[in-house]
*Asks:* 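Take a look at this one; I'll ask things after.
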Amino acid sequence: MMAYLVFLGPPGAGKGTYAKRIQEITGIPHISTGDIFREIVKKENDELGKKIKEIMERGELVPDELVNEVVKRRLSEKDCEKGFILDGYPRTVAQAQFLEDFLDSQEKKITAAILFEVPEEVVVQRLTSRRICPKCGRIYNLLSLPPKEDELCDDCKVKLIQRDDDKEETVRHRYKVYLEKTEPVIEYYENKGLLKRVDGTIGIDNVVSKVLEIIRWSGK
Ligand code: AP5
Ligand code: MG
């Protein structure tokens with residue numbers, strides 16, 4: 001299956017959860033810029049690592065030039081030849097334009113931009129109860145998707161952690177940044193006829209089925 005996908009939506013819309021599932025089912029690689037930056041912060045204790053950490057903890061956006069460079073490198077890897085799921089990128093119109101120019105140069109085109117719609121109060125509830133495995137990145141939720149054993153990853157058996165940017169105040173700020181900087185990206189894809197809207201408040205399995213349907217319809 002060939003698909004070049006963009007997953008759009010506010011923080012906590014479920015982008016990472018759905019992308020991981022779609023990757024398991026279809027083999028299309030899941031690329032999360034948030035995950036890439038969290039890895040950089042964990043490994044690089046230099047100026048750049050510290051700068052990124054500070055930006056993320058405040059819930060602001062990493063500068064476009066840096067994000068674009070990181071994405072360009074990742075998309076140039078071999079596993080992206082047959083497709084990708086971009087989760088959390090593009091987040092500004094400048095990033096969307098950069099992505100389009102980059103794909104043009106490779107004679108590729110976005111297949112669909114899927115927007116997961118979730119209201120602010122659902123976002124706040126989901127993110128304050130989210131937990132992740134620090135080892136494998138699996139995403140849990142204490143309310144809707146709890147681990148089998150008390151706050152331990154089902155697979156790795158290590159203690160789950162909370163993301164530094166998942167405090168209520170930071171979540172609300174991230175949502176505001178989303179409205180301001182990322183909502184224009186919705187219109188960008190709508191104008192190109194690529195936007196597909198999916199209700200992100202229905203259960204995870206239902207959302208995943210809808211996404212698979214979209215991939216089948218829009219892919220060749
Ligand atoms: P990033 O990591 O991308 O965070 P985000 O966009 O804010 O999104 P989240 O990861 O918080 O939510 P999600 O939609 O993946 O939801 P999840 O599946 O976990 O970015 C972090 C930071 O990095 C940014 O703030 C910025 O600083 C920087 N950054 C990253 N990309 C950048 C870019 N392009 N430009 C500039 N800066 C960038 O699900 C959430 C919870 O809900 C889970 O607990 C899950 O179990 C639960 N859940 C999911 N779906 C459902 C459902 N359907 N029903 C019930 N519960 C559900
Ligand atoms: Mg995510």
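Every number for a ligand or one of its atoms is a count from 1 in the order of the listing.
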*Asks:* Among side-chain atoms of Ser129 and Asn141, is any donor-acceptor pair under 3.5 angstrom?
*Replies:* yes

*Asks:* Decide whether an N or O pair under 3.5 Å exists between Thr201 and ligand 1.
*Replies:* no

*Asks:* Would you find more than 12 non-hydrogen atoms of other residues, nucleotides or ligands less than 6.0 Å from Lys53 atom NZ?
*Replies:* no

*Asks:* Within a reach of under 6.0 Å around NZ of Lys109, are more than 12 heavy atoms found that belong to other residues, nucleotides or ligands?
*Replies:* no

*Asks:* Mind checking whether Ala13 has an N or O less than 3.5 Å away from an N or O of ligand 1?
*Replies:* yes

*Asks:* Could you work out, for atom 52 (C) of ligand 1, the closest of Glu60, Arg58, Lys181, Arg126 by heavy-atom distance?
*Replies:* Arg126

*Asks:* Please compare Lys20, Glu57, Arg174, Arg91 and report which has the shortest non-hydrogen distance to atom 24 (C) of ligand 1.
*Replies:* Arg91

*Asks:* Between Asp165 and ligand 1, is there a nitrogen or oxygen pair with a distance under 3.5 Å?
*Replies:* no

*Asks:* Would you check whether Gln95 has a nitrogen or oxygen atom less than 3.5 angstrom from a nitrogen or oxygen atom of ligand 1?
*Replies:* yes

*Asks:* With only distance considered, is Arg130 within less than 3.5 Å of ligand 1 through an N or O on each side?
*Replies:* yes

*Asks:* With respect to atom 23 (O) of ligand 1, which of Arg21, Arg38, Gln125, Met56 exhibits the smallest heavy-atom separation?
*Replies:* Met56

*Asks:* May I ask which of Thr182, Asn68, Val185, Asn141 has a heavy atom nearer to atom 46 (O) of ligand 1 than the others do?
*Replies:* Asn141

*Asks:* Got a second to check how far Ile40's CD1 is from Asn45's CG, nearest 0.5 Å?
*Replies:* 13.5 Å

*Asks:* Within the side chain of Tyr18, is there an N or O that forms a donor-acceptor pair under 3.5 Å with the backbone of Ala13?
*Replies:* yes

*Asks:* Could an N or O of ligand 1 be found under 3.5 Å from any N or O of Gly12, whether backbone or side chain?
*Replies:* yes

*Asks:* Once you measure the plane-to-plane angle for Tyr175 and Tyr178, does it fall in the parallel (<30°), tilted (30-60°) or perpendicular (>60°) bin?
*Replies:* tilted

*Asks:* Is Gly14 in polar range of ligand 1, meaning some N or O pair under 3.5 Å apart?
*Replies:* yes

